[in-house]
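Heads up: the structure comes next, in structure tokens.
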Number of protein chains: 2
Amino acid sequence: MIDRKVTSTHVAALAGVSQSAVSRVFTPGAPVAKATEARVRKAAAELGYRPNVLARAMVSGKTRIIGVMMAYLDNQFYPTALEKLSEALQAQGYHVLVFMASNTREDVDGVLQQILDYQVEGIILASVSLSSDVAARCRAVGVPVVLFNRHQDDKTVSSVTSDNRAGGREVARFLAAGGHTRISYIAGWEGASTQRDREAGFCAGLAEADRDLFARAVGGYDNAATKVAAFTLFNKPEDQRPDAVFVANDHMALIVMDILRFELGLDVPGEVSVVGFDDVPGAAWLAYQLTTLRQRANRMVEATVAALLDQIEDPGAAPYAVRVAAPLILRKSARVPAGWPQSNKRDIP
Amino acid sequence: MIDRKVTSTHVAALAGVSQSAVSRVFTPGAPVAKATEARVRKAAAELGYRPNVLARAMVSGKTRIIGVMMAYLDNQFYPTALEKLSEALQAQGYHVLVFMASNTREDVDGVLQQILDYQVEGIILASVSLSSDVAARCRAVGVPVVLFNRHQDDKTVSSVTSDNRAGGREVARFLAAGGHTRISYIAGWEGASTQRDREAGFCAGLAEADRDLFARAVGGYDNAATKVAAFTLFNKPEDQRPDAVFVANDHMALIVMDILRFELGLDVPGEVSVVGFDDVPGAAWLAYQLTTLRQRANRMVEATVAALLDQIEDPGAAPYAVRVAAPLILRKSARVPAGWPQSNKRDIP
DNA sequence: CAGGCCATTGCATACGTATGCATCCACGGA
DNA sequence: TCCGTGGATGCATACGTATGCAATGGCCTG
């Protein structure tokens, strides 16, 4: 409570130099004599001085703050991603201002405004879409945006996703090759590109294998809705219920497995094969052993950070979309077709 | 890319008033004539003007930023808490700057310095302890700190935890009353107050019930270590292995359940009762049905935000410690003693 | 009608730092 | 010895906003 704020002026006084000199000591590349630097650093240490990032930002225009907006934090994939994002950005000298969003459009836009108020240098939108006018607004003030795990045909924002279409397609091939005859799908939130792309790829894959989609229900990436979806699909006599289901993400897939086994008494994978998407930590737990498509979070984060920095460093750079391949991880929740290549990739994200 | 930054001066020019007038329009409580306000707002809307939070912070000293440091994001309790914290603070007009920390002391201190560089108005440390000199430093610059889910005898920082001692004690009574004869404990990271308090309470409770601790191992809140702990404790003939185990948190407890059931082929709760601490989402999943002590995240968050705001608003206010009661949630992973009061609390956090 | 009071507004300055420009000094070459 | 050169430093200002103070105007009261 004693010294409150110590500024460069205080340090300057103690070191017997000008405030400019102090500033230069803390500005890499600025010209300072060794002797001066030593005196300033000594004085700074004595007073416990550290440059005020905000004041620095005012004049330089560089806040070193990245705004991150997230939703669905109960889906284990996102906390994991947030952690990695934060660490990767810290390593680059940036810091993360976090905003939680619900999924209503107006909320997203409002929150985005608030983010911009902090003069962030870039924005990462995880599992969130943005209206085109807000995208325009970000572009107007020169703040690059990159979508994480979501894609938009808007050419003005970069995006990083898994190759959801290819993933969905592979699941279809996998289930068809496994000899399943009543293959179904539980959809995520229909507004999400992950949902759309995974389903589109899945249906395309089924068509290629000459199969029809047996049944479909919507879980909406929501706990309660997913339970309902599982019941409506499976609470039926054997020949009327699916013998395989692709669930749009692991978070829902785990719920579905619980319902199948403990509410409906069905054997997985004996009576029903279940495949998810994400490879969240829970998917590997022994109680589930969920066969799923892995989102390579590390690579996605790397790509996201790279895309963002590209555009921060060169504001003229064109946005681009990255798609990371999503390998199928074979575990025990789905019957494996005879002769299906055992992935001998090491079980590391 | 056209207009880059639009400032209050631009708006003032367009509205034909002084920059001060614009500032006052955006400062609640400042005196402005209705007509002036209308003109200014119109001009602002036209230009898409929004006040620069950083510049505002420079003069007012109020950044409305709260620094949050977290670790263990793979433990579902923390993402949940982060989400609630962020939302609660947003509701109060604050925003959250997130920092990830490993558990090495030096790292924490370094990161804390960085947080302070952003002129945050308060700091929340979740599952992280801080050295007393850094605590002193925060006090010196007048930034209140509150520990979330961690306690320190340092009188200069507030803390919010569950009543871990009482919780541990109740588990001991519960397991003793259940007729278990070989009661054991799997510890968390020994540097954490949660670990110490839960174990202390547990041992006290056992003593009161005239029981000894049958065995103890350390999981350290770490996946791999927890697996090893489970094996060393349970990979033995029946009479040499525990018939009940209290695990210091749910994250480890779920891992232990997996090992018991799927690696060692033991029945839970038939052969072993398992009790955890936290009540993470996974604890309620049908595959686990973990009996556990609930950390009331909502209340903890409320208390944390309240404690922080108290001290921000009145810098002279004394720090204080809050302990939130942790009710035992009965599910299916532990034998329930005959006559044990069935909690009929609704199953809501 | 005069005086006074209040509401409203503009002016000037401050917040803490970075940086262009001018100044100063030392040193080296002619 | 003198001048040129370049490195180091100080001075002054700018970044965008908030706010104390003084000045203005209108309106109410006596």
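All chains are named by letter (A, B, ...) in the order of the sequence lines, taking the proteins before the strands, and each is independently numbered beginning at 1. Note that this is a predicted model, so its numbers are computed, not measured.
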Just checking [X]: base, sugar-phosphate only, or nothing, at a heavy-atom cut-off of under 4.0 Å?
{"X": "Ser23(A)", "answer": "base"}
{"X": "Ser20(B)", "answer": "base"}
{"X": "Val22(B)", "answer": "nothing"}

Nucleotide of [options] approaching [X] most closely (side-chain heavy atoms):
{"X": "Arg24(A)", "options": "dG16(C), dT19(C), dG16(D)", "answer": "dT19(C)"}
{"X": "Thr27(B)", "options": "dA18(D), dG10(C), dA18(C)", "answer": "dA18(D)"}
{"X": "Ser18(B)", "options": "dT17(C), dC15(D), dG10(C)", "answer": "dG10(C)"}

Quiz item: Which residue lies toward the 5' end of DNA chain C, Glu37(B) or Ala55(B), if each is placed at its nearest nucleotide?
Solution: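 This one resolves to Glu37(B).
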
Practice problem: Using heavy atoms to find the nearest nucleotide of DNA chain C for Val59(B) and Val59(A) separately, return the residue whose nucleotide is more 5′. | Solution: Val59(B)

Quiz item: Toward the 5' end of DNA chain D, which comes first, Arg50(B) or Val17(A), by nearest nucleotide?
Solution: Val17(A)

Quiz item: Will you find, in the side chains of Gln90(B) and Ser86(B), an N or O donor that is under 3.5 Å from an N or O acceptor?
Solution: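 Yes - a donor-acceptor pair under 3.5 Å links their side chains.
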
Quiz item: Between Tyr221(A) and Thr194(A), is any side-chain donor less than 3.5 angstrom from a side-chain acceptor?
Solution: yes

Quiz prompt | CG on Leu309(A) to CD on Gln311(A), rounded to 0.5 Å | solution = 10.0 Å

Using whole Å, report how far [atom1] of [X] lies from [atom2] of [N].
{"X": "Leu54(B)", "N": "dG16(C)", "atom1": "CG", "atom2": "C1'", "value": "12 Å"}
{"X": "Gln19(B)", "N": "dA14(C)", "atom1": "CD", "atom2": "C1'", "value": "12 Å"}
{"X": "Asn52(B)", "N": "dT17(D)", "atom1": "CG", "atom2": "C1'", "value": "8 Å"}

Quiz item: With under 30° as parallel and over 60° as perpendicular, where do the rings of His95(A) and Tyr118(B) fit, or are they tilted in between?
Solution: perpendicular

